[in-house]
Every structure is written in C-alpha cells, then in structure tokens.
Amino acid sequence: MHNQDFFLQALIYLGAAVVTVPLAKKLGLGSVLGYLMAGIIIGPFVLGLVGQADEVMHFAEFGVVLMLFLIGLELEPSLLWRMRRSIFGLGGLQVLITALVITFIALAMNFQVNRALAIGLILALSSTAIVLQTLSEKGLMRNTSGRSAFSVLLFQDMAVIPILALLPLIAKLGQPADLSETALAKVGNVASMPGWLQLIIIIGAIAAIVFIGRFAARHIFRLIAETGLHEVFVALALLLVIGIALAMDQIGLSPALGTFIAGVVLADSEYRHELETTIDPFKGLLLGLFFISVGASINFVLFIENPLLIIALVGLLIAVKFIILLILGRIFRLKKGYEFLFAFLLAQSSEFSFVLISFSKQNQLFDDKTAAMLLLVVTLSMAISPLLLIFNDKAVSPILARWQNKLEYDEVEEQENPVILAGFGRFGLVVGRILLANNIKVTILDNNPSNVEILRKYGFKLYFGDVTRPQLLETAGIKNARMLILSMAEHDEALKIAAFVREKYPHVKILARAKDIFHVFEFFKLDVRTVQREMFESAAELGAKALNELGYTKYEAYRATRTFKHHEDSVTDELYRHWMEDRNEFIRETRRFAEQVSETLQTEKNFSIHDSDCAWDVDTLKDEAQKNIPKKQQ
C-alpha cells in the first residue's frame, strides 16, 4: 500500500509538471512559474490531490545543492577571487541593511525586539533556486546584473549558518530560562563547541574538500571512467555531492555552500563537462519538485481569512527589498537598466526561510499564528517573483530603453565613413577586424555596454548606442555611407533597420547576418540579397575537417565542401520562391535538393583533380596530381 501511495504521488507530481510547465513556457511565463502553478493546482487548497508538501520540499531542496555544485563548475577560482568585492561588499551590505530595515518595520508593528530581529534576518535572504534558475533560462549568468545577483546569493548562503547560530541567542533575549545548550545543539553538534574549535573544524572541512577535488577525485574519476560503465560514473558523481553535502550539514555549514566550493575546485578538471552532463538531469528534476512543493504549500485558508493584510505584507516586503537593492545597485555602479533587473531578481524571500522559520518556532521565537503568517508571506513572495521579472521585461525595460536612448548612450561624432557596422560581438568583431586591417574606415555601433567597455581597452573605436534609432544612424553618417553591415545578434531588430534604410536610403548597400535560412528569406523580402548565415561557413569548414579525418585527402574534403556551399547558394533563390508561394512545395523541393547535392558530390568524387581550377593549396594540388597519375595510366 505504501508503494502504491508513492507511485501515485510521483504520478501526480510528474503529470502536473508535464502539463503546466510547457504551457507556461509557451505563454512566455517561464518554467519556474509553471512549476509553481502545478503545485497550486494539485495542492490541498485547490484539487487536493496531494497533502502538505513538507516532506517533498525537504527532499527536493537537494536540487538547490546540485545547482550550486553545477554553478561552481562554471566558475574558476580566479574568477571567484575577482568577484570578492561584490560578494562581500554588495552581498554583505544587502543582508545587513535589509535585515535592519525590516527589523525596524517589525518593531513599528509591535513585535518584540527579539522577534523583530529574527524576522529581519530571515526575510533579508533571497531565493537561490528561483533566481539562479531564472538566470540560467534567460542566459544572464554572465550578465552584469546576473553576476551581481549571484554574488549576493553566495554571501546569503554563507550567512545562513551564522543566522541559525544567532537565532537561539536572540530567543534568549525574551526567554532566558528555557533556552541554552539544548537550543544550540539543534543547529548541530559543532555549534555548541567553543568558537576556536568551530573555526578549526570549518577550515579543516573546507581544506578536505579542496584536497579531495584537487587531487583524490581526479584519480578516482579516471579509474571509474576507464571501466566504461557510465552508471558507475553517475553513482560516483552523486556520491561526491551527497557526501560533501552531508559532511557540511553535520559540522553546521550550508550543504549548498560546501558543494559550491567542490564545484569551483573541479572547474578546471578534465571531467568537468562529464560531471555537468551527469548531474544536470537530477538537478532539473529536483528543482522542479521543489517549486511544485512551494506552490502546494501556499496556505489559501489563511490568505482568505486576511487577504488585505497578506497582500500588504508581501507588497511591503518586495518594495523594501527592491528599493534597497536598487540603491545598492546604483552605489556599485550597475547602470543602463541593470540595477532594475538586479533589484527585481532578488526582491523575493528565500527557500532557506522555511528552515529558519521552523527553527525559530522550535526555539519559541514565533507562535503558530506568526509562523504561519511568515511562511505564507515567504511563499507568496517567491511565487510572485517570476511575475516581477516578466513585468520588468515587458514594462520597465522598454521605458528605461527609451529614457536611456536620450540620456545615456554615447554622443556619436559626425561621421563620413563609407561603412557603418552595427553590432560588434563575436560575429561583427571578425568582420570589423578584416575591414580595419585593410584600412577601410568604419563607424562601429554596439548596444552592449560591457562589450563596448572591454573592446575600447583593446583600442577599438566604437560607440555605445541603439542602432534602431533613426537619429543615431543619421549622426553616424548613413546619408553618405556606401554600406551598412548588420552583424547584430538581435535578428528582429536587424530586419527593422534593414526595412528603414531600404526605404529612406536606398543607395546604401546592406549586408546582413542571418540566424538561419528562414531569416535569410525575411531579408530577401526586403530586397537585401547579401546575407550570411551566422554558422554556415564555420559549420561547413568543420565538415571539411571531418571528411579529412575520415580518410578524404585535404583537397577532396575542400572540393566536396566547396561544391556543397556552391549548391546551397545556387538553390537559395529557388527555395525562397517556393517558400513564398507554397510551403508544401518548399518542403518537397528541399528534400529534392538534398538528394541532388548528394548525387553531385558522389559524381565529383570520381573526377580528375585537373578538372578543377580551385585547388586550395598549390603543393597539395601537385601531390594529388602525382597520386592520380598511375590511376590515369591504368
């Protein structure tokens, strides 16, 4: 019967995720909100398919531990050292200031001093799970605001254990007779030891993690990898993470922090990518379960009893944290709208708050009603967090973009250069360097402030600006320019610019970067015919190298690739015509052309090398010709 209950619960959780998460992603709401919706629907206050989700939540919190391990694998120790200012400066100030402000607000609401201080410390933290999942989904981990948010979260993870140690001491302010070493022991056995001994144990544990990751783990991973048994490698990876998490928990340190350190130590290991691939599915599933359990734990009965009070408290918490984070973002020079994204990212409460509130209740800091109220506020703030980010993307960012267009973009000097290059990232940088190396005068525009700042250090003269603004193009000299190169990654924006320039300045030759064949067709519709698919040439070159490794001579590989590219270029116009007229015919013709190029390559493979005037290398041409002589004589 117990097994049946387990399988039924698993079926309900997984079924809810499979239904709601893709729907939420389709609607642009993100996976986190989809998981939360799933939890609300199956929870005890809607369909009642599952009861209280406490047990599932404690199990699923291991997903946060796995996530910190994977984040650590992405960060080299040198990068972490460079982030020390934002970790301890920005992170430390955020926790301290937020805790003090919330404490004063709680005092104004007639809470006792010890309770107010506990509330301040608990609500100062933000959700590691929600923020890092969101950063990962949106590709913002290397963004300025993303790294700042990660720094704050990392400091908060380190602060959880001192807060746990402080809560019994705070409780003694109100009830000195009932709380002593017993309460301290609840934090962990180490917490009741002398401070110097705690420090030695903590340093020893971290040193052991570094030693295991730097020396022992590599040899063990190599031995297991040599067996060729992937399932044993998976078991070893989980054993490493679970072992470190358990050890950290036993000595009173955050399990997530311990596994993060292990990840950083293994960041330059040759097994890093294999570890990422192995751990990631477990992380994703457990995090999904965690978010579902958060949604299922929302106490709608308490909310219905005091809806205005709960809404006011949640709104006050988010507003206070948002304002503090926004101010700190400005102080630490987060500009160009990043400070708003940073503030929205961290404005909610933390999953660690569930543990801290429960622990405070055990220490008689909170009664049942206060604890339930705080849990509801924490849960709702986490549930609202994805909506805040959507609000930032849809409402705040566009307004800031228009405002910054007027105030914060570079003032572009009047230019008369023949070429304007829009976008100077990894694609545009190559194009620009070729032109500059040939003494072509180029006006370079880019809308990524970090990119502009870095490339200016290397001597490139480029301007930070939004190329979609007609005023910027006119100032950059589009009227007298001969060519506009759209090498930007924002594909939809590139189409808008091409349409504008084609209409207003038809004499300007437009060259464009395209995402794929369908993006090429969109440019064709605007009569922009010089279009380069961003990955086509590099992929073709890699294909040539693959043929060479498979036994083709270098010339044969070059010739096959050249023929393939020539065929692609020659049929693009015809495919575009079919795409415009009949999509079914387009699919049929695409398949026919694929068969045609295969036949062409097989035929060409038997041709003599002398039939071609496009040998890639003179010496190779001679060598190949010599090899072919005996065949001809035969």
**Student:** Any side-chain heavy atom of Ile310 within less than 4.5 Å of one from Leu380?
**Tutor:** yes
**Student:** Could you please spell out the steps behind the side-chain contact (heavy atoms from CB on, under 4.5 Å) verdict for Phe342 and Leu346?
**Tutor:** CA-CA 7 Å; Phe342 168 70; Leu346 297 170; 3.5 Å; yes
**Student:** Side chains of Phe111 and Leu107: does their closest heavy-atom pair fall under 4.5 Å?
**Tutor:** no
**Student:** Looking only at non-hydrogen atoms, find the nearest pair between Ile87 and Phe155 and report the distance.
**Tutor:** O-CB, 3.4 Å
**Student:** Please tell me if the side chains of Phe424 and Leu445 come closer than 4.5 Å, counting only heavy atoms from C-beta onward.
**Tutor:** no
**Student:** State, to 0.1 Å, how close Glu534 and Phe427 come at their nearest heavy-atom pair, and which atoms those are.
**Tutor:** CA-CE1, 3.7 Å
**Student:** Quick one: does Ile119's side chain get under 4.5 Å of Ile102's, heavy atoms only?
**Tutor:** yes
**Student:** Under the rule for side chain to side chain donor-acceptor pair (under 3.5 Å), what residues qualify as partners of Thr103, not counting sequence neighbours?
**Tutor:** none
**Student:** Checking side-chain contact (heavy atoms from CB on, under 4.5 Å) for the pair Leu345/Val131: CA distance, chi angles, key distance, verdict?
**Tutor:** CA-CA 6 Å; Leu345 278 168; Val131 175; 4.3 Å; yes
**Student:** Where the side chain of Arg115 meets the backbone of Leu365, is there a donor-acceptor pair that is under 3.5 Å apart?
**Tutor:** yes
**Student:** Can you check whether Lys369 reaches Leu302 side chain to side chain, under 4.5 Å on heavy atoms?
**Tutor:** no
**Student:** Of all heavy-atom pairs between Phe332 and Gly89, which one has the smallest distance, and what is that distance?
**Tutor:** CZ-C, 3.6 Å
**Student:** How close do Ile163 and Leu121 get, heavy atom to heavy atom, and via which atoms?
**Tutor:** CD1-O, 3.9 Å
**Student:** Side chains of Arg513 and Met488, heavy atoms from C-beta outward: is any pair under 4.5 Å?
**Tutor:** no
**Student:** Take Ile420 and Ile478, measure what side-chain contact (heavy atoms from CB on, under 4.5 Å) needs, and give me the verdict at the end.
**Tutor:** CA-CA 7 Å; Ile420 298 174; Ile478 190 68; 4.0 Å; yes
**Student:** Could you tell me which non-hydrogen atom of Leu486 sits nearest to which non-hydrogen atom of Ala494, and how far apart they are?
**Tutor:** CD1-O, 3.5 Å
**Student:** Is the shortest side-chain heavy-atom distance between Gln156 and Leu153 below 4.5 Å?
**Tutor:** yes
**Student:** State which residues pass side chain to side chain donor-acceptor pair (under 3.5 Å) with Asn306; sequence neighbours excluded, sorted by chain then number.
**Tutor:** none
**Student:** May I ask you to decide if Ser349's main-chain N or O and Ser353's side chain share a donor-acceptor pair within less than 3.5 Å?
**Tutor:** no
**Student:** Considering non-hydrogen atoms only, spot the tightest contact between Val378 and Ser350 and give its length.
**Tutor:** CG1-O, 3.6 Å
**Student:** Can you name the residues that form a side chain to side chain donor-acceptor pair (under 3.5 Å) with Thr98, not counting sequence neighbours?
**Tutor:** Gln94
**Student:** Which atom pairs, one a donor and one an acceptor, fall under 3.5 Å between side chains of residues 316-328 and the rest of the protein, sequence neighbours left out?
**Tutor:**
unit_1: Lys321; atom_1: NZ; unit_2: Leu123; atom_2: O; d: 3.1
unit_1: Lys321; atom_1: NZ; unit_2: Ala124; atom_2: O; d: 3.4
unit_1: Lys321; atom_1: NZ; unit_2: Leu125; atom_2: O; d: 2.6
unit_1: Lys321; atom_1: NZ; unit_2: Ser126; atom_2: OG; d: 3.2
unit_1: Lys321; atom_1: NZ; unit_2: Gln348; atom_2: O; d: 2.7

**Student:** Taking only residues two or more places apart in sequence or in another chain, which ones pass salt bridge (Lys or Arg N to Asp or Glu O under 4.0 Å) with Lys515?
**Tutor:** none
**Student:** Could you give the distance from CG (Leu375) to CZ (Phe366), rounded to the nearest 0.5 Å?
**Tutor:** 9.5 Å
**Student:** Would a distance-only check, ignoring hydrogens and angles, find a side-chain to backbone donor-acceptor pair under 3.5 Å from Asp446 to Gly423?
**Tutor:** no
**Student:** What residues, two or more places apart in sequence or in another chain, satisfy side chain to side chain donor-acceptor pair (under 3.5 Å) together with Ser381?
**Tutor:** none
**Student:** With heavy-atom distances below 4.5 Å as the criterion, would you say the side chains of Phe500 and Leu473 are in contact?
**Tutor:** yes
